[in-house]
Amino acid sequence: SGLTMERETEIGKLPRGASVCIVGAGSIGVYAARVAIEHGLNPTVFEESDKVGGVWQKHWSTLTTNSSVRMMSMAEPPIRLSPTLFPHKSQICDYVDEYAKHHKLDIKFGHKVTKVEPLPKTHELERWRVSTQRSTAAGTVEEVEEFDAVFCCHGQFNNPKWPRIPGLPVPTPETTPVSSPDVDSNPFTGKVLHSQAFADGAMCRDKDVVVVGIGNSALDIALEAVRHGARSIRMVCRNSAMILPVSDHAGTPVDSFFSSRLFVEAPNFLKQYWFFGPVLALSKRFQKAGLPPIPKGTPGLQVRISNLKEHQAWVKAMDEGKITFSSVDRFLERQVVLSDGSVKPADVVVCCTGYHLEFPFLTPSVTDDIIIRYPVGSSTEKASMATSTLLYRRIMHPRFPSLCFFGLLTTLGNEAAVGELQSRWACSMLTGTAAVPCTQEKMVAEAESQRRRNEKLRPLFPMFATYVKYCDTLAADLGCAPPPFWSWSTLMDPYFALLVRFGPVSPAQFRLRGPHATPSAARHVIMSSKL
């Protein structure tokens, strides 16, 4: 039906001291709280667990990031680790905790946000009624508070999505396999779990393991299973993917290069050479192990890109036959039937099939016009459904500007770093301090443009954003873009100018100047990089 606008609404009416509810104390929620304070707002952070860190407190014990330290570090305080390191999840949690303490943030742990609803409109911006629950010795306590704005920082990885494969029992009724006599009479009886519940590879020892999916988690978990002595690891996936190593053969992170203006502004033929060089080399090794090639003519927007860590260990495992790829027809009691009719043993099935995007605490009146779902895939195969959000600058609700969402995107950069810049953008817009303010007409027009684009092109990952271009767009609105290469300040320090121009576009670059700049701290982080 599309978004409609009742009347023109000005943006930027939150007074100093206005209250902001922040849902979630993951890295983005913690960064957003600090940013809100910078803008003279009064944030309250609600976190359901008893720790900061969000998604990094979950998942398997050996999980490391796909992003290098230099792409994740804020300017103040910086991450005190090697800039080229891919941190362990515990190191990220420690950093977020240090960041919260450094900025003296007040976080309400053990508080679950259960409902967020708009109050009757009495001002230009909606206010919000927020309901929370917390457990006490006497039982569950429910509380209700009112806020001037709400920042949703609860993340994308909460509600597991399960595959629909005949014979594979899954806990969600809506994804129960299609009934048929030969399937229901002999369902799989081994262990089935989602990657969200995967603790470590010990459960795979001496087991035949099936990993469903070809995304980042699937690649990580398959290698975990190898290291813990699984008898066999069979990767099953509906579609192929481009496999992008997170580092080169020398161990240098590739995100620093792909997230630089040198790469973004290079001619297309050079970008294709730089990007597809490592991808094509790895693809040959994966296809040798059974991964099907990407069909010719597949639109780029419908191709998955998966990040591969420790690619040398992966290649070794494939060459030794420890990891193979297949497509699956169905599961039997302790077996998997492949598409070619062969039957293989199976003890454990790990579903690395992603997550449903949901906002369980928001009412349908708020979410119905910002969430769209559409099929992706050709007419000759069973199409999957993609979910997209219709938000201005991927942040602000067009009808309710005081409701903002951070981190609802994927990039080749780091989503948490982008989330910090998104929170700065939102606070500047809502307090009227942005260099380029917006109107509700402009927001609705962009949302409708996104809708038309997604329905026409049907991208597999509609929430993908080109990291540098997106950050530069937000920075231009804010007035915090890095200094031009030929400016007086950069000419006085040519090496620093080269780092800004050709080095990785880290969060520190957007703290060099403009509102709430910390030039000294930002310079220190940037100078720790190298060309």
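Please read these numbers as outputs of a predicted model, since none were measured by experiment.
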- From T140 OG1 over to R134 CZ, what is the distance, rounded to the nearest 0.5 angstrom? 10.5 Å

- Note on the structure: Between the OG1 atom in T65 and the CG atom in N216, the distance rounded to the nearest 0.5 Å is 11.5 Å

- Message: Could you tell me if D255 and S68 have a donor-acceptor pair between their side chains, going purely by distance under 3.5 Å?
- Response: yes

- Is S339 reaching over with its side chain to a backbone N or O of S327, donor-acceptor style, under 3.5 angstrom? yes

- Message: So F157 and K58, do their side chains get closer than 4.5 Å, heavy atoms only?
- Response: no

- side chain to side chain contact (heavy atoms under 4.5 Å, CB included) with D220: which of N307, L308, T62, L63? L63

- Message: Does either side chain, that of S506 or that of R70, offer a donor lying less than 3.5 Å from an acceptor on the other one?
- Response: no

- Taking the side chain as every heavy atom from C-beta outward, state whether E48 and H154 have any pair of such atoms under 4.5 Å apart. no

- Message: Pair K51, D97 - check salt bridge (charged side-chain N to carboxylate O under 4.0 Å, His left out), show working.
- Response: CA-CA 8 Å; K51 298 176 182 176; D97 185 56; over 6 Å; no

- Task: Would you indicate whether the side-chain heavy atoms of P87 and T64 approach each other to under 4.5 Å?
- Result: no

- Query: How far does CD of Q422 sit from CE of M396, to the nearest 0.5 angstrom?
  - Reply: 11.0 Å

- For the pair E415 and Y467, evaluate side-chain hydrogen bond (donor to acceptor under 3.5 Å, both in side chains) and give the outcome as yes or no after the intermediate values. CA-CA 9 Å; E415 286 78 10; Y467 173 77; over 6 Å; no

- Query: Would a distance-only check, ignoring hydrogens and angles, find a side-chain to backbone donor-acceptor pair under 3.5 Å from S283 to V279?
  - Reply: yes

- Are any non-hydrogen side-chain atoms of F86 and S247 less than 4.5 angstrom apart? yes

- Return the orientation label for the F325 and F286 ring planes: parallel under 30°, perpendicular over 60°, tilted otherwise. tilted

- Which class fits the ring pair Y355 and H194: parallel under 30°, tilted 30 to 60°, perpendicular over 60°? perpendicular

- Closest non-hydrogen atoms of I323 and A289, given as atom of the first, atom of the second and distance, are O-CB, 4.1 Å

- Does the pair K344 and D208 meet the rule for a salt bridge (charged side-chain N to carboxylate O under 4.0 Å, His left out), with working shown? CA-CA 9 Å; K344 303 295 180 181; D208 294 298; over 6 Å; no

- What heavy-atom pair brings L291 and A241 nearest, and what distance separates the two atoms? CD2-O, 4.3 Å

- Note on the structure: Looking only at heavy atoms, the pair that brings F263 and K271 closest together is O-CD, 3.0 Å

- Closest non-hydrogen atom pair, V505 against S260: CG2-CA, 4.2 Å

- Minimum-distance pair of heavy atoms, taken over all atoms of I221 and S195: CD1-CB, 3.7 Å

- H397 side chain reached by T389 side chain, heavy atoms, under 4.5 Å: no

- Quick one: pull up CE in M318 and CD in Q287 and give me the separation to the nearest 0.5 Å. 10.5 Å

- Flag the pair T466 / T411 as yes when at least one side-chain heavy-atom distance between them is below 4.5 Å, and no otherwise. no

- Using 4.0 Å as the upper bound for N to carboxylate O, is an ion pair formed by E358 and K161? no

- Task: Please test E47 against K112 for salt bridge (charged side-chain N to carboxylate O under 4.0 Å, His left out), starting from the C-alpha separation and ending with a verdict.
- Result: CA-CA 6 Å; E47 168 56 40; K112 179 181 180 180; over 6 Å; no

- Note on the structure: Residues passing the side-chain contact (heavy atoms from CB on, under 4.5 Å) test with Q450, sequence neighbours excluded, are L390, E446

- Message: Assess, by modelled atom type and distance only, whether the side chains of Q509 and R261 contain a donor and an acceptor separated by less than 3.5 Å.
- Response: yes

- Message: For V209 versus A230, what's the shortest heavy-atom pair and its separation?
- Response: CG2-CB, 4.0 Å

- Query: If you round to the nearest 0.5 Å, how far is CZ of R334 from OG1 of T189?
  - Reply: 4.5 Å

- Query: Can you check whether W60 reaches K89 side chain to side chain, under 4.5 Å on heavy atoms?
  - Reply: no

- Item | Test item: side-chain donor near acceptor, S388 and N454, under 3.5 Å | yes

- Query: Would you say S528's side chain and V525's backbone share a donor-acceptor pair under 3.5 angstrom?
  - Reply: yes

- N/O donor-acceptor pair under 3.5 Å between Q156 side chain and L409 backbone: yes

- Item | Euclidean distance, F510 CZ relative to L474 CG, rounded to 0.5 Å | 8.5 Å

- Query: Mind checking whether F359 and F405 have ring centres under 6.0 Å apart?
  - Reply: yes

- May I ask you to test the Q57-C93 pair for a side-chain heavy-atom distance under 4.5 Å? yes

- Please indicate whether Y273 has more than 12 foreign heavy atoms, meaning atoms of other residues, nucleotides or ligands, lying under 6.0 Å from its OH. no

- Item | Sole residue of W425, Y31, F151 in ring-ring contact (aromatic ring centres under 6.0 Å, His included) with F406 | F151

- Query: Does a side chain donor of either R393 or T473 reach within less than 3.5 Å of an acceptor in the other side chain?
  - Reply: no

